[in-house]
Amino acid sequence: MGRPRVLSGVQPTGALHLGNWLGAIRNWVDLQDSHDTFVCVVDLHAITVPHAPERLAQDTLSTAALYLACGMDPQRCSIFIQSQVSAHSELGWLLNCVTPLNWLERMIQFKEKAVKHGDNVSVGLLDYPVLMAADILLYDADLVPVGEDQKQHLELARDIAQQRVNARFGSKDAPVLKVPKPMILKEGARVMSLTDGRSKMSKSDPNEGSRITLLDPPELITKKIKRAKTDPERGLEFGNPDRPETDNLLGLYSILSGIGREAAAAECAEMGWGQFKPLLAEATVAALEPIQARHRELMADRSELDRVLTEGQQNAETVANATLQRVRDALGLAKRS
Ligand code: TYM
């Protein structure tokens with residue numbers, strides 16, 4: 001038996017933010033030592049809502065460069081671009097044909113995004129979780145490290161694998177697909193908006209002040225934190241339901257400073273906002289500085305990135321094509337001669 005397998009991905013829609021890093025990428029970095037790790041830039045997901053074609057390729061490469069800059073090590077993991085491994089689209093179609101429509105209609109993210117895009121809702125947006133299931137199931141992933149908001153999509157991937165593929169086309173001893181488990185860590189799994197502590201930090205929030213991106217320059221980070229919503233009380237604390245902004249900002253400080261929740265709560269228990277905000281800004285700038293420096297290097301000379309992505313694609317194709325063949329056979333499609 002090999003090492004347990006991990007698969008995850010981020011959409012290349014604009015710059016990644018602290019939520020993407022702390023909720024997902026940071027956990028991948030820890031897993032790559034002990035797990036066979038595949039991470040992709042999910043560009044096919046990014047076109048399920050209207051997008052800018054002239055920016056997509058650049059944003060895709062920049063996202064892959066951020067994976068490396070955040071500590072993904074191509075010696076220990078495979079990094080690739082989703083659309084360059086065609087098995088994703090093909091398995092997506094096969095899974096479409098066994099997934100009930102009403103499973104998709106009840107997805108919370110679909111409902112939220114559909115409201116936002118009004119008349120312009122594509123079939124792809126509804127179908128998005130099936131493609132995500134294909135991403136995961138192709139790699140026989142044991143674990144999928146994601147933030148809290150992806151939990152429902154992972155449950156769907158499990159249900160498709162178990163109830164719609166294995167139960168119908170496999171046998172108990174020879175399941176067609178591996179049923180993956182989500183991995184949602186407590187810390188950082190739900191980073192909230194800087195302007196509203198009750199909604200999550202998101203790339204699609206029209207207010208850029210609501211998020212800190214991994215590529216924001218220090219002055220901008222300081223400015224966004226200075227303007228972040230707070231409350232009139234003095235002293236910071238965790239777990240007070242009436243103070244969601246406080247909980248979020250203290251949580252960010254505890255992770256970004258590296259001191260942990262207990263020490264952060266003790267240090268900031270009596271602090272006023274005027275003292276705390278510069279501290280948080282300093283910790284954020286310091287945490288992002290090495291990531292930004294490495295990202296600049298990787299984008300200035302693309303040879304390393306190209307090499308990593310080519311190798312990642314080859315590794316991904318080997319695993320993905322074998323799974324795809326298994327599913328084709330199970331569904332009874334004619335073999336290629
Ligand atoms: P995406 O691109 O919206 O987000 C990427 C990852 O970041 C996490 N995340 C957050 N974590 C904590 N706090 C937040 N505010 C926050 N915002 C985002 C997400 O949970 C996610 O882990 N559907 C996925 C992409 C995807 C995928 C996959 C993930 C496609 N195929 C296969 C895992 C496996 C998405 O839109 O993530």
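Keep in mind that what you see is a predicted model, and the values were worked out from it rather than measured. Every heavy atom of this structure was used, including side-chain atoms; hydrogens, water molecules and symmetry mates were not. Just follow the structure's listing: the first ligand is 1, and inside any ligand the first atom is 1. Note that the numbering runs from 1 along the sequence shown for the chain.
Taking the six-membered ring for Trp and thresholds of 30 and 60 degrees, His45 and Tyr128 have ring planes more than 60 degrees apart, a perpendicular arrangement.
Ion pair Arg211/Asp205 not flagged as a salt bridge, since none of the NZ, NE, NH1 or NH2 atoms sits closer than 4.0 Å to an Asp/Glu carboxylate oxygen. Electrostatic pairing of Lys200 and Glu112 does not count as a salt bridge here, judged by no charged N lying under 4.0 Å from a carboxylate O.
At least one N or O atom of Asp149 sits closer than 3.5 Å to an N or O atom of ligand 1. Backbone and side-chain nitrogen or oxygen atoms of Gly147 are examined, and one is located within less than 3.5 angstrom of a nitrogen or oxygen of ligand 1. Residue Gly19 has at least one nitrogen or oxygen atom sitting less than 3.5 Å from a nitrogen or oxygen atom of ligand 1, judged on distance alone. For His153, no nitrogen or oxygen atom sits less than 3.5 Å from a nitrogen or oxygen atom of ligand 1, counting backbone and side chain alike. Ligand 1 has no N or O atom lying under 3.5 Å from any N or O atom of Glu148, backbone or side chain. Considering backbone and side-chain atoms alike, Asp135 places an N or O below 3.5 Å from some N or O of ligand 1.
Annotation: Phe80 is in aromatic contact with His88 [ring centroid separation under 6.0 Å].
In terms of protein heavy-atom proximity, atom 29 (C) of ligand 1 is nearest to Gly9 O, 3.5 Å. Of the protein's heavy atoms, Asn20 ND2, 3.3 Å lies nearest to atom 18 (C) of ligand 1. Scanning the protein heavy atoms around atom 12 (C) of ligand 1, the nearest turns out to be Ala189 O, 3.1 Å. Nearest protein neighbour of atom 37 (O) of ligand 1, counting heavy atoms only, is Gln150 NE2, 3.8 Å. His17 CE1, 3.5 Å is the protein heavy atom nearest to atom 17 (N) of ligand 1. Looking at atom 36 (O) of ligand 1, its nearest protein heavy atom turns out to be Tyr128 OH, 2.4 Å.
The contact set between ligand 1 and Gly23, taken as ligand atoms under 4.0 Å from a residue heavy atom, comprises 11 (N), 12 (C). Counting atoms of ligand 1 from 1 in the listed order, those under 4.0 Å from a heavy atom of Gln11 are 2 (O), 35 (C), 36 (O). Each of the following atoms of ligand 1 lies closer than 4.0 Å to a heavy atom of Ala24: 6 (C), 7 (O), 22 (O). Annotation for ligand 1: atoms under 4.0 Å from non-hydrogen atoms of His45 are 30 (C), 31 (N). The distance from ligand 1 to the heavy atoms of Lys203 drops below 4.0 Å at these ligand atoms: 2 (O). Close approach of ligand 1 to Ser8 is summarised as follows: ligand atoms under 4.0 Å from at least one heavy atom of the residue are 33 (C), 34 (C). Listed by atom number, the atoms of ligand 1 under 4.0 Å from Met201 heavy atoms are 14 (C), 15 (N), 17 (N). The distance from ligand 1 to the heavy atoms of Leu7 drops below 4.0 Å at these ligand atoms: 32 (C), 34 (C).
The shortest distance between side-chain heavy atoms of Val130 and Asp127 falls below 4.5 Å. For the pair Thr230 and Thr246, the minimum side-chain heavy-atom distance is 4.5 Å or more. Between Leu138 and Val85 there is no side-chain heavy-atom pair separated by less than 4.5 Å.
No hydrogens or angles considered: a donor-acceptor pair under 3.5 Å links the side chains of Gln82 and Asp135. A donor and an acceptor atom, one from each side chain of Ser303 and Asp301, are located under 3.5 Å apart.
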Verify side chain to side chain donor-acceptor pair (under 3.5 Å) between Ser62 and His295, making sure each step is shown before the conclusion.
CA-CA 8 Å; Ser62 173; His295 183 265; 3.0 Å; yes

Could you walk me through whether Asn321 and Gln325 pass the side chain to side chain donor-acceptor pair (under 3.5 Å) check?
CA-CA 6 Å; Asn321 289 341; Gln325 189 58 50; over 6 Å; no

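Counting only non-hydrogen atoms, the option in Leu44, Val191, Leu131, Thr13 that gets closest to atom 13 (N) of ligand 1 is Val191. Looking at Ile184, Val144, Leu138, Asn27 and measuring to atom 34 (C) of ligand 1, the nearest heavy atom belongs to Val144.
Heavy atoms from both the backbone and the side chain of Val146 come within less than 4.0 Å of ligand 1.
A heavy-atom separation below 4.0 Å is not found between Met192 and ligand 1. Residue contact check for ligand 1: Gln109 places no non-hydrogen atom closer than 4.0 Å to it. Heavy atoms of Gly188 approach ligand 1 to within less than 4.0 angstrom.
A cation-pi arrangement is present between Arg261 and Phe238, with the terminal nitrogen or guanidinium carbon under 6.0 Å from the aromatic centre and inside a 45° cone about the axis. Both tests do not hold together for Lys277 against Tyr253: distance to the six-membered ring centre under 6.0 Å, angle to the ring axis within 45°.
For the salt bridge (charged side-chain N to carboxylate O under 4.0 Å, His left out) with Asp140, the lone residue among Arg326, Arg5, Lys178, Arg3 that qualifies is Arg326.
When atom types are taken as modelled, the side chain of Glu245 and the backbone of Asp196 share no donor-acceptor pair closer than 3.5 angstrom.
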